[in-house]
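Report on the following structure.
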Amino acid sequence: MKDKIFMMVMMAAWPAFVAGQTAGGSAASAFNDSILHELPEVMITGEKPVVTVKGAKLVFDVRQLIKDKAVDNAFDALKQLPGVTPQGEDVNLGGMSVSLMLNGKLTSMTRSQLIALLKSTPASKVESAEVMYAAPARYQVRGALINVVLGKSRPDETSLQGELFGKAEVKHEAHFSERASLRWHRGRVSMDADVEQIHGKSYYMTDKTGVHTLADGTRYDIATHETINVSGTPEYHYRIGVDLDWGKNHQLSVSYAGNQRDSRSLNRMTGMQTSVVDNHVDSRLHNGHIDYELPIGLDVGTDFTYYENNVVQDLGSELMGSPMAFVSNSQQRINRWKCFVREEHAVGKKAKINYGLVYTHVVDHSRQDYRAQEGSQAGQLPAPLVSRRTENVLNAYVGGNIAWSSKLSAEMSVAIERTQATLWNRWDLYPSLTLSYTPRSGRLWQLAFSSDKTYPDFWAVQHVTSYHGGQYEEIIGNPGLRPSREYSVSLVHILHNKYTFRGWFSHQQDYFTQTMFQSRDRLVEIDQFHNFDFHQQAGLMVAVPWKPVWWFDSRVNLFGVWMREKDGDYFDCPFDRSIVYGMLSAHATCRFSRRKDVSVSVSGFARTTSYQGTLDLPASGNLDVNLRYAFARGNVVLNVYCKDIFQTMMITPECHWGGQNLRTRFACYRTFGLSLAYKFGGYKAKHRQEVDMQRMKK
């Protein structure tokens with residue numbers, strides 16, 4: 001009887017003992033460090049232990065976060081992270097832009113291409129998400145970073161798993177997608193493959209009103225109504241990857257990803273301008289990646305991307321009695337190579353050092369020509385474009401992290417970068433620093449400083465003119481566009497392992513964005529990217545989860561932001577504008593039964609009035625609802641949903657600055673949809689070791 005009582009007391013006391021040892025350190029943890037040469041990992045424990053701290057990283061257990069939620073792919077899983085807010089087809093972190101990465105691997109894929117890959121990756125494959133408010137140089141991205149980590153099978157398992165997914169949506173027009181995913185693991189070999197097909201039609205409607213005043217005082221009333229119908233052959237995304245584990249920390253990874261799209265859009269415009277525009281877009285991407293990790297901490301690899309975009313535009317337009325008709329052909333071909341070598345090793349028992357080199361070579365072939373049709377006036381069309389530009393970027397970095405105790409750690413790095421390009425020739429220095437302090441279990445303070453540089457899109461800096469909807473709206477490239485530089489500092493506090501608070505300030509020099517300007521010389525609206533003098537932000541964020549009962553789970557993100565933008569040479573109407581605005585995003589899930597996986601989720605977003613350059617952005621928001629039903633032991637998941645119930649997501653930007661008078665109203669439609677996912681597979685496990693060494697090593 002005494003033995004039973006002793007065992008019950010030990011079982012009850014063990015969790016508290018472990019928590020105490022984690023917070024205060026122990027001989028056992030020191031022993032593990034001496035064997036693994038790993039930095040101590042600070043665990044935040046509490047009611048829902050979903051986040052750990054490791055150096056500059058906040059590591060979230062995504063499987064815990066998305067449990068019982070209507071999440072189908074890896075990109076939607078990111079939206080469950082504290083502080084992450086959706087922005088159309090993108091996301092931000094705590095009110096600022098954030099880079100995305102998959103499995104910590106360097107890649108030359110663009111952001112939109114990586115988002116497409118994450119959307120085609122099942123959420124069930126995601127193991128964790130590493131959030132960094134100041135990414136160290138070894139990741140080869142700057143500023144905030146979210147690294148999506150896909151789960152790996154154990155080396156002593158054989159498994160075959162897969163998922164079939166289908167979705168149908170109606171947003172004025174019907175839209176469909178189908179996806180198949182397969183993952184196989186045996187011994188030292190792991191393979192995964194994904195293929196997705198997207199097809200259907202899209203419809204957009206835009207109304208533009210205003211007054212266009214020329215320098216001589218002539219005034220024109222602007223009133224147009226535009227509809228766009230998009231159709232085409234199915235769009236495909238596909239990926240295949242192979243990992244070979246030769247031994248402990250000895251791995252070869254090879255992957256290939258690609259997509260192809262062939263679409264047509266028909267633009268019709270009536271009003272002060274009448275036009276019919278037929279656009280045919282054909283694009284394709286190929287990306288290959290090879291990464292080889294050695295036991296000595298050395299990682300070498302290369303990444304290649306080929307991207308081609310071809311556009312044929314047949315335009316016929318009449319503006320105030322002046323006709324324009326042409327057929328244009330434009331093409332962009334990008335070849336981008338990235339080679340890297342990086343090393344990381346321990347310095348004693350409590351520190352690590354890392355350093356490396358990354359070389360990137362880019363060749364941009366772009367061209368555009370116009371062929372006048374009957375009705376076009378001589379000399380009316382822009383000059384043709386034939387361009388070949390190169391970029392060579394060499395980046396060298398050194399960094400390190402140290403844990404002075406189980407409560408206090410730091411990670412710092414500095415990178416120096418040399419850019420030689422057709423348009424730019426410069427040196428840049430990028431420091432970063434993150435300090436993490438865990439005074440006790442369930443609490444964290446993290447101070448982060450980062451620096452960053454952003455390059456314009458390739459096509460945005462070409463000396464080229466194209467048209468949208470007709471001859472009134474000209475899209476003009478800006479070869480004088482400069483990269484922007486950003487410096488930011490933030491302080492993050494996590495309380496009781498649940499509540500997240502963040503304050504930040506950022507200054508972005510030469511910030512650039514696309515603006516609309518009504519020309520003083522002729523009846524033309526100019527859409528062009530411009531550099532502002534600077535863009536500044538200061539803000540506060542609060543992320544609060546709330547689960548009062550087992551059947552109700554919710555979270556709220558609140559933002560308060562001060563923003564200032566200044567440009568002293570913006571055409572003939574310079575500006576210096578500042579504003580304070582607020583944002584709210586919320587999500588709530590209600591379960592109907594403990595025995596059956598049936599739930600309903602409601603999500604909402606709201607934002608007060610804001611600015612973008614000379615544009616006034618009105619308040620906006622949306623409300624979504626989703627019904628989820630999982631059956632067949634959770635292997636089949638059905639979701640029925642409606643997005644933007646009140647049709648309030650699209651905004652109507654206006655410009656009334658410096659004599660400008662323009663208002664653009666974008667039509668908004670609610671979306672009805674249904675998705676069905678079927679998961680299959682299992683594994684036969686061999687003898688399990690007590691410590692999974694592979695999962696501890698990142």
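- No more than 12 heavy atoms of other residues, nucleotides or ligands lie within 6.0 Å of NE2 in H463, so this atom counts as exposed by the packing criterion.
- Both tests pass for R607 against the ring of Y581: distance under 6.0 Å to the centre and angle within 45° of the axis.
- The closest side-chain heavy-atom distance from H468 to D527 is not below 4.5 Å.
- Going from atom OG1 of T209 over to atom NE2 of H225 covers 13.0 Å, rounded to the nearest 0.5 Å.
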Between E226 and K208, is a side chain to side chain contact (heavy atoms under 4.5 Å, CB included) present by the stated rule, with each step listed?
-> CA-CA 8 Å; E226 180 186 21; K208 185 172 293 187; over 6 Å; no

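- Judged as a salt bridge (charged side-chain N to carboxylate O under 4.0 Å, His left out), and not counting sequence neighbours, E235 has no contacts.
- Counting only distance, with no hydrogens or angles, the side chain of R670 and the backbone of I645 share a donor-acceptor pair below 3.5 Å.
- Two residues are said to be in side-chain contact when any heavy atoms from C-beta on lie closer than 4.5 Å; Y467 and E474 meet this criterion.
- Side chain of T608 to main chain of G582: a donor-acceptor pair is present (N/O by atom type, distance under 3.5 Å, no hydrogens or angles).
- No side-chain heavy atom of S488 sits under 4.5 Å from any side-chain heavy atom of W504.
- For the pair W657 (side chain) and P574 (backbone), a donor-acceptor distance under 3.5 Å is present.
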Q380 and Q471: side chain to side chain contact (heavy atoms under 4.5 Å, CB included), yes or no, with the steps?
-> CA-CA 11 Å; Q380 185 182 24; Q471 63 194 88; 4.0 Å; yes

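- Taking 4.0 Å as the cut-off between side-chain N and carboxylate O, R663 and E654 count as a salt-bridged pair.
- Here the options are T589, D624, N626, the test is side chain to side chain donor-acceptor pair (under 3.5 Å), and the partner is S601; only T589 passes.
- Of the possible donor and acceptor atoms, none in the side chain of H535 sits under 3.5 Å from a partner among the backbone N and O of G613.
- Judged purely by distance below 3.5 Å, without hydrogens or angles, the side chains of E169 and Y641 pair a donor atom with an acceptor atom.
- Using bins of under 30°, 30° to 60° and over 60° for the plane-to-plane angle, the ring pair F571/F517 lands in the parallel bin.
- Residues D221 and V211 are in side-chain contact: their nearest non-hydrogen atoms beyond the backbone lie under 4.5 Å apart.
- The line from CE of M272 to OH of Y220 is 9.0 Å long, rounded to the nearest 0.5 Å.
- T224 and Q273 form no side-chain donor-acceptor contact under 3.5 Å, judged by distance and modelled atom types alone.
- Counting heavy atoms from C-beta on, the side chains of S450 and Y133 never come closer than 4.5 Å.
- To the nearest 0.5 Å, atoms CZ (R485) and CG (D452) are separated by 12.0 Å.
- In R268, the CZ atom is not crowded: 12 or fewer heavy atoms of neighbouring residues, nucleotides or ligands sit closer than 6.0 Å.
- Side chain of D644 to backbone of M649: a donor-acceptor contact under 3.5 angstrom is found.
- A pairwise comparison of heavy atoms in V277 and G470 identifies CG2-N, 4.2 Å as the closest pair.
- Summarising the geometry, atom OH belonging to Y487 is positioned 10.0 Å from atom NZ belonging to K453; distances are rounded to the nearest 0.5 Å.
- The main-chain N or O of F529 is found under 3.5 Å from a side-chain atom of N478 such that the two form a donor-acceptor pair.
- Two residues are said to be in side-chain contact when any heavy atoms from C-beta on lie closer than 4.5 Å; M563 and S610 meet this criterion.
- Looking at heavy atoms from C-beta onward, V98 lies out of side-chain contact with V84 at the 4.5 angstrom threshold.
- The 12-atom threshold is exceeded at CH2 of W424, counting heavy atoms of other residues, nucleotides or ligands nearer than 6.0 Å.
- Side-chain N or O atoms of Q518 include one that pairs as donor or acceptor with a backbone N or O of N661 at under 3.5 Å.
- Residue C590 forms a side-chain contact (heavy atoms from CB on, under 4.5 Å) with just one option from D553, V600, V602, and that option is V600.
- Tested against H530, the residues F512, Y511, Y570 include a single ring-ring contact (aromatic ring centres under 6.0 Å, His included) partner, Y570.
- For the pair L481 and P456, the tightest heavy-atom approach, listed with the atom from each and the gap, is CD2-CB, 3.4 Å.
- In plain terms, the two heavy atoms of L623 and F646 that are nearest each other are CD2-CE1, 3.4 Å.
- Proximity of a side-chain donor or acceptor of D533 to a complementary backbone N or O of G568 within less than 3.5 Å is detected.
- No more than 12 heavy-atom neighbours from other residues, nucleotides or ligands sit within 6.0 angstrom of NZ on K171.
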Start with the C-alpha gap between V281 and N309, add the side-chain angles, then the distance that decides, and say whether side chain to side chain contact (heavy atoms under 4.5 Å, CB included) holds.
-> CA-CA 7 Å; V281 180; N309 180 274; 3.8 Å; yes

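- Annotation for S578 and Y611: closest pair O-CE1, 3.6 Å, computed over non-hydrogen atoms.
- Judged by the 6.0 Å and 45° rule, K201 forms no cation-pi pair with Y203.
- Looking only at distances, no side-chain donor or acceptor of Q332 sits under 3.5 Å from a matching main-chain atom of Y307.
- Between the Q514 side chain and the I475 main chain, no donor and acceptor come within less than 3.5 Å of each other.
- When side chains are defined from C-beta on, L615 does not count as touching T515, because their heavy atoms never get closer than 4.5 Å.
- Of all heavy-atom pairs between S177 and I198, the closest is CB-CG1, 4.1 Å.
- Here the CD1 atom belonging to I228 is positioned 8.0 Å from the CE atom belonging to M269, to the nearest 0.5 angstrom.
- When all heavy atoms of Q528 and G477 are compared, the pair lying nearest together is NE2-O, 3.1 Å.
- Within the model, atoms CD1 of I222 and CD of E525 stand 8.5 Å from one another, a figure rounded to the nearest 0.5 Å.
- Heavy atoms from other residues, nucleotides or ligands lying under 6.0 Å from CH2 of W546 number 12 at most.
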Worked check of side-chain hydrogen bond (donor to acceptor under 3.5 Å, both in side chains) between H280 and D262 | CA-CA 8 Å; H280 180 202; D262 189 348; 2.6 Å; yes

Please walk me through it: do S330 and W459 pass side chain to side chain contact (heavy atoms under 4.5 Å, CB included)?
-> CA-CA 11 Å; S330 63; W459 194 258; 4.1 Å; yes

Start with the C-alpha gap between E173 and H175, add the side-chain angles, then the distance that decides, and say whether side-chain hydrogen bond (donor to acceptor under 3.5 Å, both in side chains) holds.
-> CA-CA 7 Å; E173 299 287 348; H175 201 258; over 6 Å; no

